[in-house]
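Note sheet for the following structure.
Bear in mind that the values here come from a model prediction, so they are computed numbers and not experimental data. Every chain is numbered from 1, with letters handed out A, B, ... down the list of sequences.
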Protein chains: 2
Amino acid sequence: MELYLLIMGKKNQQLKKKIIKYLYYSDTLSVAELCLKADKSLPVISKFLNELIEEGLITETGYAASSGGRRPLTYAIVPNLLYVVSVSMDQYVSRIAIMNLKNSFVTPVEEFELPLTKNPDASFVLAEKIEEVITNSGIPKNKIAGVGIGMPGFVDAKKGINYTFLSVPGKNVTEYMSEKIGLPVFIDNDSRLIALAELRFGAARNKTNVMVLNVGWGVGLGMILNGELFKGHNGFAGEFSHIPLFTNSILCSCGKTGCLETETSLMVVIKKVQEGLRGGRMSVLKDVAMEHFEQAIEAIMNAAKEGDQFAAELFSETGYKIGRGVAILIHLFNPETVILSGRGSLAGKIWQAPIQQALNEHCIPRLAMNTNIEISTLGYHAELIGAAALVMENFERRTETSGTPEPDDHLLK
Amino acid sequence: MELYLLIMGKKNQQLKKKIIKYLYYSDTLSVAELCLKADKSLPVISKFLNELIEEGLITETGYAASSGGRRPLTYAIVPNLLYVVSVSMDQYVSRIAIMNLKNSFVTPVEEFELPLTKNPDASFVLAEKIEEVITNSGIPKNKIAGVGIGMPGFVDAKKGINYTFLSVPGKNVTEYMSEKIGLPVFIDNDSRLIALAELRFGAARNKTNVMVLNVGWGVGLGMILNGELFKGHNGFAGEFSHIPLFTNSILCSCGKTGCLETETSLMVVIKKVQEGLRGGRMSVLKDVAMEHFEQAIEAIMNAAKEGDQFAAELFSETGYKIGRGVAILIHLFNPETVILSGRGSLAGKIWQAPIQQALNEHCIPRLAMNTNIEISTLGYHAELIGAAALVMENFERRTETSGTPEPDDHLLK
DNA sequence: AATACTTTTTAAAATATTTAAAAAAGTTTC
DNA sequence: GAAACTTTTTTAAATATTTTAAAAAGTATT
């Protein structure tokens with residue numbers, strides 16, 4: 001059966017796309033719950049839901065538990081109705097996966113090296129790789145809602161431009177990729193997508209003011225403000241890594257000194273391990289090769305978890321410094337929750353104590369009191385989930401933006 | 001003629017209140033412009049506008065210039081239809097005024113001393129004073145839309161509580177005052193109201209991401225994010241004054257050391273003037289009494305404006321430090337504009353150069369490039385205007401909140 | 001197991017809003 | 001200064017949405 005999802009050109013039918021989005025975020029929902037979310041009345045939701053069922057996009061999924069009265073019928077998106085290609089990049093390595101609308105991978109995650117710095121072919125290579133993954137999966141393109149890509153750099157998601165990497169002469173990256181692949185392509189900054197993942201499926205769910213830290217080779221920040229991903233005027237908000245917080249004279253990648261990043265990134269941790277070992281510190285890490293950063297940091301995190309004193313000390317020290325930055329965030333944003341996510345979150349609870357200590361010392365008690373620090377449970381997959389969510393987030397705009405390739409053909413009858 | 005404004009209980013008629021709000025913000029508007037703002041169709045706006053005219057709340061105000069076709073009729077609120085009591089407080093002095101909906105004072109601004117610290121009678125005294133001002137004005141209460149109060153401290157505007165000052169045993173301040181005065185009362189933090197004033201009537205008008213600095217005895221911050229006043233999870237967002245930015249050991253009023261405030265408030269400027277003069281610095285300020293802070297800081301600002309080297313140096317120094325804080329704001333929020341408002345803004349352009357210099361040194365160029373620094377033109381009245389705007393901001397919620405005193409009588413036929 | 005109370009679902013009536021078309025008022029061009 | 005084009009205003013018809021009420025399906029209590 002072919003899909004005939006988006007004949008819904010008229011404003012009227014926009015609600016259907018909204019319903020699909022809500023079901024994507026929540027898996028199964030009752031009519032009453034959908035009403036609340038969409039802020040529409042019951043008969044309206046009911047009507048469109050029934051239409052969606054007739055069209056084969058949504059199914060009933062049995063009754064939910066009663067809360068004192070008649071049990072509500074619940075609904076969900078038909079499994080494997082639609083897929084999303086999600087891509088997560090860092091400066092060296094990129095990963096591609098195809099997911100269904102339940103955040104399950106339907107292909108193995110394809111990982112490959114793709115250096116972004118001074119690489120004019122990066123966009124081309126990426127597009128080719130994505131094409132390859134789609135082809136190999138055997139999934140027809142009209143069953144793919146789009147491609148979402150998380151990437152480092154200054155990304156203007158709205159315009160579809162990355163000012164730091166992946167530039168394409170004369171075109172936006174999204175335009176270029178979209179034409180090449182034949183699917184809608186959406187991009188955003190990596191940290192922001194991690195925050196989006198947390199907002200829709202993680203620890204920030206149903207919360208309205210949350211700071212999501214992406215502790216990795218830098219310290220990224222995605223901000224949920226008033227229940228929405230905050231992007232700032234040009235889409236550059238959240239440059240936590242480069243706030244001038246220290247008076248050291250360590251030169252940062254951005255050209256300045258004293259950036260938060262210069263004292264708190266995982267790269268700094270690796271360097272300090274190397275220095276310490278050279279200086280004769282005892283540690284289970286003494287036999288670990290530090291050349292391959294990914295493996296090195298994993299080893300260090302494991303060591304700390306298992307009680308290696310040297311490693312634990314380093315995380316304490318780093319955590320405390322991150323905490324000083326978090327104190328600033330709390331003063332400015334008064335968030336409900338601060339979530340530690342990204343690669344570094346695999347170190348888990350180790351961060352919590354030193355960060356909390358920094359807050360106790362540097363925060364006004366009334367503020368610190370009202371904020372809790374949590375560790376992400378999405379872990380390594382956060383960015384891929386966020387990239388998928390980005391596609392669905394833009395789902396309802398699909399028919400409006402004429403920039404979308406073949407809008408009349410794609411996903412239509 | 002009596003007013004019979006708010007019979008509009010039904011959702012239907014909420015639009016009328018919206019129209020009044022838009023006209024309050026913009027003075028005069030055409031139907032087409034109202035459609036855009038309210039995101040409603042022309043016939044709907046037209047219909048309600050005509051109803052409002054019949055009810056005597058709104059008048060035609062002639063034709064606007066043509067933009068190539070028929071000239072649009074414009075509309076405005078009937079002058080002196082409604083008044084607002086606005087109050088602006090700092091820790092020592094409070095000011096009360098009554099304004100019409102064109103931000104003009106219809107009574108002289110009443111200024112009086114009201115220390116807030118450890119003063120259990122503050123709320124009582126304030127309420128009495130407000131009553132007095134209203135009585136003296138001769139304006140009947142049913143012509144007053146409400147009372148808006150800007151105050152220092154940790155204010156939860158939604159709950160109507162100030163956790164720092166003006167506490168009333170067993171009640172919210174707003175409840176207490178509202179019952180005592182017989183009018184709806186709304187409160188918010190002083191810096192946030194200044195930002196609101198800038199958003200609706202000042203340099204932040206029609207902008208979506210703006211930081212408004214309230215340079216005074218501390219350095220307050222009101223944030224406009226996504227076109228709205230941002231309050232944070234508990235209403236405490238914007239504690240810029242107390243971000244831990246310096247490694248000095250100056251004890252701050254909040255109990256910590258190193259707060260931005262300890263190096264940048266106008267109080268620090270006064271202290272440094274005193275120290276400098278004692279140390280023998282030459283300056284026109286040598287004959288100025290420094291005991292009365294208000295007069296002192298005014299004299300210092302004037303001296304700097306007129307070229308006194310010592311005063312100018314101090315503002316440079318202070319401005320540069322504020323700039324370091326602003327650099328953090330720019331990294332995190334990527335705002336379109338940063339506005340210098342509040343008492344300190346009277347020093348005007350003197351701040352701009354040193355702040356800009358700090359940004360050049362501490363900001364990633366791409367971010368600094370996209371933000372401009374502006375001086376408020378609202379000046380000393382910003383907070384009073386903001387307090388008035390707060391009342392009108394809550395105007396459409398009037399009939400909903402049953403907490404409003406005598407909701408059936410007030411402003412009704 | 002019958003009754004009272006909830007909540008969900010369905011259906012009908014009442015409202016509200018948008019779309020489309022026509023009329024009115026101006027501007028610009030030739 | 002008429003014709004062509006714009007924009008605003010008015011009107012009528014078509015849609016869409018909400019409200020209200022009633023029926024159906026469960027749960028809890030006695």
Side-chain angles (χ1 to χ4, degrees), chain A residues 6-23 26-55 58-76 396 399-400, chain B residues 6-23 26-55 58-76 396 399-400:
Chain A
L6 307 181
I7 311 166
M8 326 171 178
K10 298 199 174 171
K11 245 178 202 172
N12 146 17
Q13 310 257 37
Q14 293 276 327
L15 192 52
K16 284 195 189 174
K17 290 185 228 163
K18 261 196 184 170
I19 292 176
I20 290 182
K21 256 173 58 174
Y22 290 129
L23 289 175
S26 305
D27 235 36
T28 64
L29 287 171
S30 72
V31 178
E33 287 167 325
L34 276 167
C35 287
L36 274 172
K37 283 184 194 282
D39 197 28
K40 286 281 137 75
S41 73
L42 225 146
V44 179
I45 296 290
S46 200
K47 184 182 127 204
F48 287 112
L49 211 50
N50 286 328
E51 282 182 35
L52 284 165
I53 291 172
E54 267 188 37
E55 289 164 20
I58 285 182
T59 45
E60 292 183 4
T61 47
Y63 293 95
S66 162
S67 61
R70 178 171 171 172
R71 292 186 303 181
L73 260 173
T74 60
Y75 302 86
E396 69 173 339
T399 43
E400 293 165 33
Chain B
L6 306 182
I7 313 165
M8 328 170 178
K10 298 200 172 169
K11 244 181 202 171
N12 145 16
Q13 311 257 37
Q14 294 274 328
L15 192 51
K16 284 194 189 175
K17 291 185 228 164
K18 259 197 185 171
I19 291 176
I20 291 182
K21 257 173 57 173
Y22 290 130
L23 289 176
S26 304
D27 234 38
T28 65
L29 287 171
S30 72
V31 178
E33 286 167 326
L34 276 167
C35 287
L36 273 171
K37 285 185 193 285
D39 199 28
K40 286 280 138 74
S41 73
L42 224 143
V44 179
I45 296 289
S46 199
K47 184 181 126 202
F48 286 113
L49 211 49
N50 286 328
E51 284 183 32
L52 284 166
I53 290 173
E54 268 187 37
E55 291 165 18
I58 283 182
T59 45
E60 292 183 3
T61 48
Y63 292 95
S66 161
S67 61
R70 178 171 171 171
R71 292 187 302 179
L73 261 174
T74 60
Y75 302 86
E396 69 173 339
T399 43
E400 292 165 37

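- Between Arg71(B) atom CZ and dT27(C) atom C1' the separation is 11 Å, expressed in whole Å.
- Inter-residue side-chain proximity for Lys47(B) and Glu51(B) is flagged as met; some heavy-atom pair is nearer than 4.5 Å.
- Between Ala32(B) and Pro43(B), the residue anchored nearer the 5' end of DNA chain D, judged by the nucleotide with its closest heavy atom, is Ala32(B).
- Judged purely by atom type and a 3.5 angstrom limit, Thr61(A) uses its side chain to pair as donor or acceptor with the backbone of Thr74(A).
- With distances taken from any side-chain atom of Leu42(B) to the nucleotides dT8(C), dT10(D), dT19(C), the minimum falls on dT10(D).
- Computed from coordinates, the Tyr63(B) OH to dT9(D) P distance equals 8 Å when rounded to whole Å.
- Tyr75(A) has its OH atom 6 Å from the P atom of dT9(C), to the nearest Å.
- Nucleic acid contact class of Ser30(A) (heavy atoms, under 4.0 Å, all strands): none.
- The closest side-chain heavy-atom distance from Glu33(A) to Ser26(A) is not below 4.5 Å.
- The separation between Phe48(A) atom CZ and dT9(C) atom C1' is 18 Å, rounded to whole Å.
- Formation of a donor-acceptor pair under 3.5 Å by the Tyr22(B) side chain with backbone atoms of Lys37(B) is found in this model.
- Nearest nucleotide to the side chain of Ser41(B), out of dT19(C), dT10(D), dT8(D): dT19(C).
- Counting to the nearest Å, the C1' atom of dT17(C) and the CG atom of Leu15(B) are 11 Å from each other.
- Summarising the geometry, the separation between NZ on Lys18(B) and P on dT17(C) is reported as 10 Å, rounded to the nearest angstrom.
- To the nearest angstrom, C1' of dA16(C) lies 14 Å from NZ of Lys16(B).
- For Ser46(B), taking side-chain heavy atoms from C-beta onward, the closest of the listed nucleotides dG26(C), dT10(D), dT9(D) is dT10(D).
- Rounded to an integer number of Å, the gap from NZ of Lys40(A) to C1' of dT15(D) is 14 Å.
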